[in-house]
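Note on naming: letters A, B, ... go to the chains in the order of the sequence lines (proteins, then strands), and numbering restarts at 1 for each one.
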2 protein chains.
Amino acid sequence: MVPRIPVSVDLVVLTVRFQALCALVWRRDKPPYEGRWALSGGFIHLDEDLPAAAERILAERAGLPGAPVHLEQLQTYGYPDRDPRQRVLSVAYLGLAPDLPASTEAHMSWQPVSSLLREMAFDHRRIMVDGIERARGKLEYTPLGAAFCPPEFTVAELRRVYEIVWGRVLDPRNFHRKVTKAEGFLVPTGDTTTRDGGRPAKLYRRGPATMLHPPMLRSLKD
Amino acid sequence: MVPRIPVSVDLVVLTVRFQALCALVWRRDKPPYEGRWALSGGFIHLDEDLPAAAERILAERAGLPGAPVHLEQLQTYGYPDRDPRQRVLSVAYLGLAPDLPASTEAHMSWQPVSSLLREMAFDHRRIMVDGIERARGKLEYTPLGAAFCPPEFTVAELRRVYEIVWGRVLDPRNFHRKVTKAEGFLVPTGDTTTRDGGRPAKLYRRGPATMLHPPMLRSLKD
DNA sequence: CAAATAGTGTCTGTGAGACAGTATGTC
DNA sequence: GACATACTGTCTCACAGACACTATTTG
């Protein structure tokens, strides 16, 4: 007969926080991988669509109900031994979130990804690394860098997102020119803020564009 | 209890053939969707990794054992009603192949994708369209256009691949300059061919590059 | 005033698009 | 020879990177 397999949805939720790229994780308190960090995840229900399952797990397990998180399917991980208890197929979703408080009730916390690389359960390191690489690419050819920002943000705040996700410093003047000239990327609100000090900076919201032409290529250096 | 779901792997295998982008499909001979075209697919075995399942289905169901087909995971499709008989989760793989003979034994045939858009079973049209879009993007920033070519090919043959996949004519001289200058894309074999008529064209193999810097952007027109 | 950050302008090199011209095969 | 295709070269415009300068706030 046809083999049936348990299917879970795991979330790589990323944010930029305290000058670092962070992922939303929880610390496992029982075997296997006791004490290691794990992504939020859960089994899909029998009559549940995959995007609906991802939304449900974002709300229930990740503790971010209704939060403005961009969710997209990342990849599916299925080699038989990835969970030592039983075979589980995992459909991973990538989430890009602004700097929200982590839910203590759900026992979730934001941890810098650099500190997680050696401390994760199952194959969650691999899933997280794939998610980070996807996010880096998305910043090149979509306006999704703004998904890491609050609803209204300055060009400098957006630039710091790019710098932290790409791990490279960008020229503020050239960056400003690129993002303000990109069609549909930023919409000025008319307001300004001085929360970063210095001269008041204009505030923007995300524009209607879904793709950037031309893309914001990270240079070929390094 | 944990719900268990049948999981299949479906293949979107594409090639360029007779001046058209074609997909490898078979015609269903029983309900549901009798008479419609379908992608090759099959259920994964209990102890089988996903890439291994994709290779097996390429060999057994698609009738292309050992063929030089570039396979990569595309996306996972899981809404509950996609198969009217029972819920099946489908992990789709994208395959890029040179112009190989389709296996009559496996009842497969190459059909132009333009003729398939209204004639496919299940959600296979959606899966195929996603695969085509992925292939179009891959041609921009990877050297995978060569995966549609025989082991040795000319610049003009590669250009026709790009033209057909992107659905747009390209300037032969600018294309030649771009691909021959792209580091690691093409390796000259030293031989030439006159199979296209006219002056003999140099033959190339795929080079070691996995990414193109800078990418071969399709222009923003249309 | 100094200090800090925001924003504009200019120069330069690279590369894409457009297109002319030359090279080398077949018939 | 005509013809077909391969390949090289040149011009121009757009844009990315580098960097100087001005603008507007706080203390």
A.B. asks: For the residue pair A:Phe122 and A:His124, categorise the inter-ring angle as parallel (less than 30°), tilted (30 to 60°) or perpendicular (more than 60°).
C.D. replies: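 Geometry flag for A:His124 against A:Phe122: tilted rings.
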
A.B. asks: Name the residue closer to the 5' end of DNA chain C, choosing between B:Arg173 and A:Ala201 according to the nucleotide with the nearest heavy atom.
C.D. replies: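 Its nucleotide being nearer the 5' end, the pick is A:Ala201.
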
A.B. asks: Can you list, in residue-number order, the parts of residues 175-182 of chain A that come under 4.0 Å of DNA chain D, counting heavy atoms only?
C.D. replies: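 Listed by number, they are A:Arg177, A:Lys178.
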
A.B. asks: Above 12 or not: heavy atoms from other molecules or residues under 6.0 Å from CZ of A:Arg160?
C.D. replies: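 Above 12, so yes.
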
A.B. asks: Would you check if A:Leu14 and A:Leu94 make a side-chain contact, meaning some heavy-atom pair closer than 4.5 Å?
C.D. replies: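 Yes. Closest side-chain heavy atoms under 4.5 Å.
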
A.B. asks: Counting neighbours of CZ on A:Arg118 that are heavy atoms of other residues, nucleotides or ligands and sit closer than 6.0 Å, is the number greater than 12?
C.D. replies: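 Not buried by this count: 12 neighbours or fewer within 6.0 Å.
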
A.B. asks: C:dA6 C1' sits how many Å from A:Leu203 CG, rounded?
C.D. replies: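 Between C1' of C:dA6 and CG of A:Leu203: 12 Å.
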
A.B. asks: To the nearest angstrom, how far is A:Asp171 atom CG from C:dC11 atom P?
C.D. replies: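 After rounding, the reported distance stands at 17 Å.
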
A.B. asks: Measure from CZ on A:Arg218 to C1' on D:dA16 and round the result to the nearest Å.
C.D. replies: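 Taking atom C1' of D:dA16 as the reference, CZ of A:Arg218 is at 17 Å.
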
A.B. asks: For B:Phe153 and B:Tyr204, I'd like to know if the aromatic rings sit close, meaning centre-to-centre distance below 6.0 Å.
C.D. replies: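 No.
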
A.B. asks: For the residue pair A:Asp10 and A:Tyr77, confirm or rule out a side-chain donor-acceptor distance under 3.5 Å.
C.D. replies: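 The answer is no; no qualifying pair exists.
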
A.B. asks: Strictly by side chain to side chain donor-acceptor pair (under 3.5 Å), give each pair with a member in residues 175-193 of chain B just once, sequence neighbours left out.
C.D. replies: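 As it turns out, the side chain to side chain donor-acceptor pair (under 3.5 Å) pairs with a partner in residues 175-193 of chain B, which skip direct neighbours, are B:Asn174-B:Arg177.
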
A.B. asks: If each of A:Pro200 and A:Asn174 is mapped to the nucleotide of DNA chain C with the nearest heavy atom, which maps nearer the 5' terminus, i.e. the 5' end?
C.D. replies: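 Its nucleotide being nearer the 5' end, the pick is A:Pro200.
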
A.B. asks: Could you state the CZ-C1' distance from A:Arg199 to D:dT24, rounded to the nearest angstrom?
C.D. replies: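 Rounded to whole Å, this separation is 6 Å.
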
A.B. asks: Within residues 153-163 of chain A, find the residues that approach DNA chain D with a heavy atom at under 4.0 Å, and present them sorted by residue number.
C.D. replies: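 Result for residues 153-163 of chain A: none.
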
A.B. asks: Nearest-Å distance, CG (B:Leu170) to C1' (C:dA18)?
C.D. replies: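 So the two atoms are 14 Å apart, to the nearest Å.
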
A.B. asks: Could you pull out all residues at least two apart from B:Arg36 that satisfy salt bridge (Lys or Arg N to Asp or Glu O under 4.0 Å)?
C.D. replies: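 B:Arg36 satisfies salt bridge (Lys or Arg N to Asp or Glu O under 4.0 Å) with no other residue.
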
A.B. asks: Can you list every pair that meets salt bridge (Lys or Arg N to Asp or Glu O under 4.0 Å) and has a residue in residues 202-215 of chain A, with sequence neighbours left out?
C.D. replies: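 For residues 202-215 of chain A: A:Glu152-A:Arg205.
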
A.B. asks: Side chains of A:Leu64 and A:Leu100: does their closest heavy-atom pair fall under 4.5 Å?
C.D. replies: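 Touching, per the 4.5 Å side-chain cut-off.
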
A.B. asks: Answer yes or no: is there an ion pair linking B:Glu119 with B:Arg125, defined by an N-O contact shorter than 4.0 Å?
C.D. replies: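 No, B:Glu119 and B:Arg125 are not salt-bridged.
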
A.B. asks: Whole-Å distance between D:dC15 P and A:Leu217 CG?
C.D. replies: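 Distance, rounded to whole Å: 13 Å.
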
A.B. asks: Check DNA chain D against residues 185-198 of chain B and give the residues with a non-hydrogen atom under 4.0 Å, in numerical order.
C.D. replies: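 Result for residues 185-198 of chain B: B:Asp196, B:Gly197, B:Gly198, sorted by number.
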
